[in-house]
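On a predicted model such as this, the values are computed, not experimentally measured, just so you know. Numbers restart at 1 for each chain; the letters A, B, ... are given by sequence-line order, proteins then strands.
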Amino acid sequence: MLGMLGVQTGFGEPLHHGWPAPIESDVDHTNIASRIIHSPLIGANIVSAIRLVIGFSISIAIGAILGTAMWRFESFDDFLRPLCLGLQTLPSVCWVPLAVLVFGLNETGILFVLVMGSAFGIAISMRDGLRTIPPLYRRVGLMLGARGWRLYRYVLFPAGLPALASSLRQGFSFAWRSLMGAELVLIAVDYHGLGFLLAKGEDNTDIAQVVAVMIIMVVIGMLADRLAFAPLERRVHTRFGLSPSA
Amino acid sequence: MIAPRGAGNLTLLNVSKRFNGSNMAAIENITLDCKPGEFVVVVGPSGSGKSTMLNIAAGMTRPDSGEAFVDGRPITAPGPDRAMVFQDHGLFPWLTSAENVEFGMKMAGVSAPERKERVEHALRMVHLSESAKKLVHELSGGMRQRIAIARALVMDPAVLLMDEPFASLDAQTRTQLHHRLQDLWCQTHKTILFVTHSVGEAVRLADRIVVLHSHPGRIRKEICVDLPHPRKFDSSDINELARLVRKEIEDEVKRINGVENQGPWRPEEDADMAAFADDVGGGI
């Protein structure tokens with residue numbers, strides 16, 4: 001099916017003869033349907049999605065904890081912020097060798113790359129967002145009797161929601177890119193995600209498959225942003241009266 | 001349940017506060033006793049430590065020396081018995097008006113049915129029952145301050161502290177809120193300590209006006225206002241009193257300017273304004 005996408009839109013002839021023939025245009029519909037169902041693409045998407053959900057959740061947890069700690073404790077901030085900013089400049093594939101050496105060629109290694117590629121970015125934007133909470137809210141909370149953990153639960157964390165929503169949106173694109181990179185390089189694992197299909201396309205010198213998988217990666221990234229993270233951010237911002245539409 | 005409040009006797013005793021890096025005290029040796037049910041307004045130029053005084057009463061700032069008491073108990077931390085209304089309302093934008101008013105009672109563990117009843121009552125007192133479900137950014141500036149007042153009053157505080165609550169509102173809304181606050185005070189007879197730089201505001205509302213010095217902040221004069229409540233804001237008594245208090249503060253500002261301009265160059269008093277006044281209409 002992937003080959004079909006490229007070849008039929010005129011992406012050129014296959015480069016060598018080991019390549020399966022282009023799909024005839026008079027192919028019947030049941031055949032296409034069954035090809036879609038049995039295509040490795042479905043499985044790859046599911047594998048990538050599961051990895052993303054698990055890895056991104058871990059990233060959010062780590063990012064939120066680090067970000068909150070940096071916001072709350074000055075000494076933590078002095079130490080961790082430059083570190084986070086530095087690690088953020090490291091392209092996520094650069095974590096792969098370390099992942100392989102520490103965890104081996106397995107799922108943990110892939111998750112490690114994903115988390116390292118996104119958690120620091122989330123932490124930084126979380127910290128920056130929390131710092132924009134007006135100090136007045138804290139005073140009001142104390143004045144109204146919100147003390148200790150209640151001040152966090154009922155005042156400071158709700159006040160930080162816009163920061164959290166924005167950092168999730170940004171963090172997702174980090175996470176998605178890191179995952180694709182990890183899957184592309186770490187191909188000798190039990191389950192095959194989207195990145196694996198991209199690597200496979202390269203092995204087969206199949207431009208059509210390579211481009212098609214790239215397009216799918218872009219589309220999924222955009223859909224997730226448009227359907228989940230952008231609306232979430234917009235909803236929070238509207239509630240807070242922060243967006244121009246409010 | 002919220003513990004029953006005392007009568008509302010707020011006392012500052014020889015309170016001084018100096019901020020880090022400043023060689024001049026923000027306030028120095030201030031003693032002020034607000035009797036239960038008294039409406040005290042503190043006026044003074046900026047930098048006279050008005051807000052510092054209020055923050056000490058609220059328990060947000062600890063004084064360097066001296067002590068603050070409410071109904072005989074020393075003030076050590078902020079609490080709902082000394083509810084404060086801020087200039088920038090400080091309403092929580094993620095909550096509706098009603099939820100904002102409810103917040104303090106929720107923290108105090110008041111039961112849900114009682115909370116609901118008291119929120120409704122408080123919203124009626126500030127005439128905002130219809131806006132209960134609105135979010136903060138959907139309210140006008142004046143409505144926000146009324147919600148902030150309701151949020152403070154619903155806690156049934158011993159003392160109500162108000163930090164320039166109407167300073168960022170337009171004149172018309174401000175006058176409306178002066179009437180509203182005067183009504184509320186007549187109904188509840190809370191002790192109110194109100195800070196402002198507006199003399200007009202002070203003479204409209206106060207039983208007693210406290211005029212502050214600046215650099216360092218000290219009490220310069222106390223003026224009792226014997227006019228009965230509710231007051232007519234455009235009466236000649238009020239205007240006369242406002243002139244008196246204004247003069248008091250102008251003297252104070254002049255004194256400060258005098259201290260700051262001790263060099264050889266000293267501008268004529270209001271020279272520009274005088275020249276301008278002479279020119280007005282001259283060309284007609």
Side-chain angles (χ1 to χ4, degrees), chain A residues 60 64 67-68 71-72 74-75 125-126 128-169 229-246, chain B residues 1-3 51 54-55 57-61 75-96 99-110 115 134-141 144 147-148 150-157 159-163:
Chain A
I60 294 170
T68 310
W71 161 63
R72 206 56 205 86
E74 201 64 41
S75 53
S125 61
M126 188 77 187
D128 290 344
L130 286 171
R131 283 175 80 102
T132 63
I133 297 177
L136 184 57
Y137 292 161
R138 184 192 181 78
R139 299 176 65 198
V140 170
L142 288 171
M143 184 265 285
L144 292 171
R147 263 180 216 134
W149 70 271
R150 290 165 153 255
L151 186 66
Y152 285 86
R153 163 72 184 77
Y154 292 105
V155 181
L156 298 177
F157 284 136
L161 267 184
L164 184 65
S166 301
S167 59
L168 284 191
R169 188 177 175 188
F229 296 101
L232 174 76
E233 190 181 46
R234 201 176 324 117
R235 264 189 66 177
V236 173
H237 282 223
T238 307
R239 172 110 194 169
F240 277 63
L242 292 171
S243 67
S245 65
Chain B
M1 263 306 294
I2 298 173
S51 294
L54 212 56
N55 282 331
M60 306 264 182
T61 308
I75 294 170
T76 54
D81 58 330
R82 283 153 287 122
M84 189 146 167
V85 179
F86 301 88
Q87 180 179 343
D88 297 316
H89 61 82
L91 298 176
F92 298 142
W94 59 92
L95 300 177
T96 62
E99 287 165 344
N100 264 294
V101 175
E102 188 186 17
F103 188 87
M105 290 188 290
K106 206 167 149 190
M107 292 302 108
V110 177
R115 288 206 304 257
K134 284 202 176 134
L135 288 167
V136 173
H137 66 87
E138 296 167 325
L139 302 170
S140 71
R144 285 176 200 178
I147 293 292
R151 174 175 71 176
L153 283 179
V154 82
M155 297 306 291
D156 191 23
V159 182
L160 189 58
L161 304 169
M162 307 187 87
D163 189 3

Colleague: Search all heavy atoms of Phe92(B) against all heavy atoms of Gly141(A) and return the closest pair with its distance.
Modeller: CZ-N, 4.1 Å

Colleague: If you count heavy atoms of other groups shown closer than 6.0 angstrom to CZ of Arg235(A), is the number above 12?
Modeller: no

Colleague: Name the region of Ala58(B), side chain, backbone, both or neither, that has any atom closer than 4.5 Å to a heavy atom of chain A.
Modeller: neither

Colleague: May I ask you to name which of Ala77(B), Gly59(B), Ala83(B), Pro78(B) has the most heavy-atom pairs under 4.5 Å with chain A?
Modeller: Pro78(B)

Colleague: Heavy-atom distance under 4.5 Å to chain B: side chain of Leu142(A), backbone, both or neither?
Modeller: both

Colleague: Looking only at non-hydrogen atoms, find the nearest pair between His137(B) and Thr238(A) and report the distance.
Modeller: NE2-O, 2.9 Å

Colleague: Quick one: closest heavy-atom pair of Arg151(B) and Leu144(A), and the distance?
Modeller: CD-CD1, 3.6 Å

Colleague: For Met60(B), is it the side chain, the backbone, both, or neither that has a heavy atom closer than 4.5 Å to a heavy atom of chain A?
Modeller: side chain

Colleague: How close do Val140(A) and Gly90(B) get, counting heavy atoms only, and between which atoms?
Modeller: CG2-O, 3.6 Å

Colleague: For Tyr137(A) and Leu91(B), work out which heavy atoms get closest and say how close.
Modeller: CE2-O, 3.6 Å

Colleague: Can you pull out every salt bridge (charged side-chain N to carboxylate O under 4.0 Å, His left out) where at least one residue sits in residues 128-144 of chain A? Sequence neighbours excluded, please.
Modeller: Asp77(A)-Arg131(A)

Colleague: Need one label for Asp88(B): side chain, backbone, both or neither, based on atoms under 4.5 Å from any heavy atom in chain A.
Modeller: both

Colleague: Less than 4.5 Å to any heavy atom of chain A: does that hold for the side chain of Leu161(B), its backbone, both, or neither?
Modeller: neither

Colleague: Chain B heavy atoms under 4.5 Å from Val155(A): which part of the residue, side chain, backbone, both or neither?
Modeller: both

Colleague: Would you please go through residues 156-168 of chain A and name the residues with a non-hydrogen atom below 4.5 Å from one of chain B, in numerical order?
Modeller: Pro158(A), Ala159(A)

Colleague: Just how far is it from atom CE of Met143(A) to atom CE of Met107(B), taken to the nearest 0.5 Å?
Modeller: 13.0 Å

